Amino acid sequence: MTVRVFVPADSSALAVGAGEVALAIAAQAAARGSAIELVRNGSRGLSWLEPLVEVATPAGRVAYGPVTVADVPGLLDAGFLAGADHPLALGLTDEIPYLKKQERLTFARVGVTDPLSLADYTAHGGFAGLRVALSLTPGEIVAAVTESGLRGRGGAAFPAGIKWQTVLAAAGDEKYVVCNADEGDSGTFSDRLLLEGDPFCLIEGMLIAGLAVGARKGYIYLRSEYPHAWKTLNAAILRAREAGLLGDDVLGSGRAFDIEARLGGGAYICGEETALLESIEGRRGQVRAKPPLPAIKGLFGKPTVINNLITLASVPIILARGAAFYRDYGMGRSRGTLPFQLAGNVLCGGLVEKAFGLTLDELLNDFGGGTASGRPIRAVQVGGPLGAYVPAQDFDLPLDYEAFAARGAMLGHGGLVVFDDTVDMGRMARFAMEFCAAESCGKCTPCRIGSTRGVEVIDRILAGEDHGTNLPLLEDLCTLMIDGSLCAMGGMTPYPVLSALKHFPADFGLADK
Amino acid sequence: MTRSELLHRLIAAHPPRQDSLLPILHSIQDELGWVPPEATEPLARALNLSRAEVHGVISFYPHLRSVQPGRHVLQLCRAEACQARGSAALEAHVRARLGIGFHETSADGVISLEPVYCLGNCACGPSLRVGDEIVGRVDASRFDALLVALQEDLA
Ligand SMILES: Cc1cc2nc3c(=O)[nH]c(=O)nc-3n(C[C@H](O)[C@H](O)[C@H](O)COP(=O)(O)O)c2cc1C
Ligand code: SF4
Ligand code: FES
């Protein structure tokens with residue numbers, strides 16, 4: 001009997017040896033005469049256990065990890081192909097608490113299926129949303145997205161349905177759907193995990209968006225730092241075309257939709273939606289002034305839906321299960337789930353898809369298990385390099401857009417970077433300014449020049465020079481950047497800086513407040 | 001095929017529109033490892049752009065190299081999540097081992113060192129990238145082993 005063995009081909013798994021482990025399992029199983037079928041799945045998102053190898057047994061999939069090449073002979077000796085016990089055995093995958101406690105809606109298939117198998121995709125609920133959408137009018141599709149409460153997952157949390165309605169109502173028969181897969185924030189990897197683990201889900205979401213707003217063409221803008229995702233994405237688009245999902249006659253519906261993938265150039269600012277559009281058009285990634293909104297005058301001057309990858313990939317389940325099903329998850333105005341990403345100095349790093357509303361403490365400690373170093377958590381940066389540093393006394397915060405905003409922080413794309421008590425927050429504040437100086441698109445002075453001045457002022461403060469002059473100077477500079485920048489790059493870089501200063505004054509050579 | 005023929009073939013493989021610029025530049029860098037200065041003029045002509053526009057795009061995107069790199073390009077992640085896992089110490093080790101800083105190439109021409117801001121491997125850092133491979137949980141000894149492998153790989 002052929003046993004199915006799963007070894008992820010996800011970047012993070014490959015980065016810690018999954019490729020070599022897959023080769024070793026295949027070769028050694030063959031040498032022992034054991035018939036196996038090796039499936040290269042996506043990652044389950046239990047990153048600290050990667051490479052996580054699974055074996056299909058009559059009782060369900062059994063997990064082992066983290067597996068190294070050196071472990072493979074012992075695993076085979078122990079009978080892991082039958083799901084036998086072993087020091088690396090983790091039991092049934094679905095029963096691992098980290099996974100079991102999650103609410104996987106958008107990530108339901110990631111790690112479960114073969115990412116490039118359309119048969120697998122369909123067998124696990126794929127295209128159910130598209131089929132519903134094909135039976136609805138554009139207005140009805142938009143209404144479902146609006147009623148679901150889905151808000152943009154790229155950072156600004158703007159209601160997706162309202163954006164789609166604007167594009168639907170805009171005049172013109174040429175419109176575009178653009179997927180923002182630039183995922184530049186440190187500490188975030190959910191876009192990548194979904195793209196490498198379930199690319200057809202994004203394609204389905206974009207198809208639905210196309211039907212909703214009347215677009216026949218979609219673009220996916222992927223960052224160049226994701227070479228594996230780039231390969232998976234292009235392979236998935238080819239297969240979708242061959243299967244008639246993309247092209248002139250989507251699933252025989254008479255509707256046309258095709259997708260082109262574009263690769264970025266390593267510029268953080270190209271995640272900002274108008275800079276991204278400039279980049280697709282073949283120019284430097286410089287931010288455009290708004291209005292006009294991209295929904296009215298976007299790609300090539302046409303009405304354009306531009307959404308984050310996770311926003312789009314959350315649409316199929318909303319259509320398949322209904323707006324109310326999705327809206328029933330969450331709290332307040334934050335509806336549905338967010339795939340949180342636990343990163344940095346955390347014991348159990350990975351992807352946690354949960355309904356909004358659990359607390360930071362639950363996420364960091366119940367899921368994350370505290371720091372990897374075993375030392376106390378001192379600060380967490382939430383929402384990427386433009387997000388505030390949150391100190392331990394604020395870990396009671398519920399993960400909700402409004403609750404975070406009320407304390408001067410933001411959820412953003414859901415990434416959490418954990419730091420232990422050895423972190424020097426003065427250096428992190430300096431880094432925030434340094435990053436802004438490196439990545440500024442250069443269009444406005446407060447961002448371009450202000451960030452360089454910011455590095456210099458922080459250096460003087462850290463060197464203990466004239467705090468009476470330099471501290472007010474830093475605060476003035478931050479106010480200028482917040483008030484005078486065209487986009488959030490310059491406008492929000494002050495948040496990590498000021499939060500570090502406020503909560504960790506000792507790291508700047510100041511007495512605790 | 002001469003380099004000039006190669007450039008023309010790569011340019012001709014895309015529609016002659018401005019939005020082909022970045023895809024063509026990627027294809028050139030994929031073939032050659034960098035974008036040589038003689039690419040500017042035929043690109044500008046084919047896409048009906050000024051040479052300044054083409055140059056402006058090449059210089060804007062950090063991924064695009066206008067200087068020929070060493071045999072392997074090694075990108076070290078400098079972003080926050082990797083810092084939380086000790087990437088600053090790793091960076092110091094790498095600089096010392098290679099005897100170079102960012103945007104420099106080792107004397108033997110084997111390694112060019114570049115900074116990168118996040119490789120999406122933030123739960124398994126510190127991270128680096130060599131060519132199209134990502135390497136995670138990198139510490140000094142894992143780096144040293146990788147370096148030996150790269151130095152021995154004469155492909
Ligand atoms: C500096 C900057 C960087 C950004 N980077 C990203 C990014 O990498 N991915 C993303 O989806 N949105 C990013 N955004 C937000 C986008 O501008 C935009 O809000 C988003 O693509 C809209 O999609 P959504 O409504 O689905 O979130 C960034 C914004 C700024 C100001
Ligand atoms: S704030 Fe900075 S990145 Fe944004 S438009 Fe101005 S210069 Fe460009
Ligand atoms: S911060 Fe280094 S991989 Fe994301």
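We name chains A, B, ... by the order of the sequence lines, and we start the count at 1 in each one. Not measured: the values here are computed from a predicted model.
Interface check for chain B: of the options Ser373(A), Gly266(A), Ser11(A), the most heavy-atom pairs under 4.5 Å are formed by Gly266(A). Here Val16(A) is the residue among Asp420(A), Leu14(A), Val16(A) with the most heavy-atom pairs under 4.5 Å with chain B. When each of Leu47(B), Leu21(B), Val135(B) is checked for heavy-atom pairs under 4.5 Å with chain A, Val135(B) comes out on top. Of the listed residues (Gly349(A), Ser12(A), Pro227(A)), the one with the most heavy-atom contacts under 4.5 Å to chain B is Pro227(A).
Interface residue Thr188(A): only backbone heavy atoms are found under 4.5 Å from chain B. With a 4.5 angstrom heavy-atom cutoff, Arg284(A) touches chain B via backbone and side-chain atoms both.
Arg45(B) has a carboxylate O that lies under 4.0 Å from a charged side-chain N of Glu41(B), or vice versa, which qualifies the two as a salt bridge. Contact check on Arg262(A) versus Asp182(A) returns no salt bridge, with no Lys/Arg side-chain nitrogen under 4.0 Å from an Asp/Glu carboxylate oxygen. The residues Asp258(A) and Lys217(A) are annotated as not salt-bridged, no charged nitrogen and carboxylate oxygen being separated by less than 4.0 angstrom. Ion pair Glu183(A)/Arg192(A) not flagged as a salt bridge, since none of the NZ, NE, NH1 or NH2 atoms sits closer than 4.0 Å to an Asp/Glu carboxylate oxygen.
Within residues 87-108 of chain B, no residue approaches chain A closer than 4.5 Å by heavy atoms.
Of the N and O atoms on the side chains of Glu278(A) and Gln286(A), not one donor lies less than 3.5 Å from an acceptor on the other residue.
Remark: of the listed residues Asp191(A), Leu276(A), Ile220(A), Leu276(A) is the sole one forming a side-chain contact (heavy atoms from CB on, under 4.5 Å) with Asn180(A).
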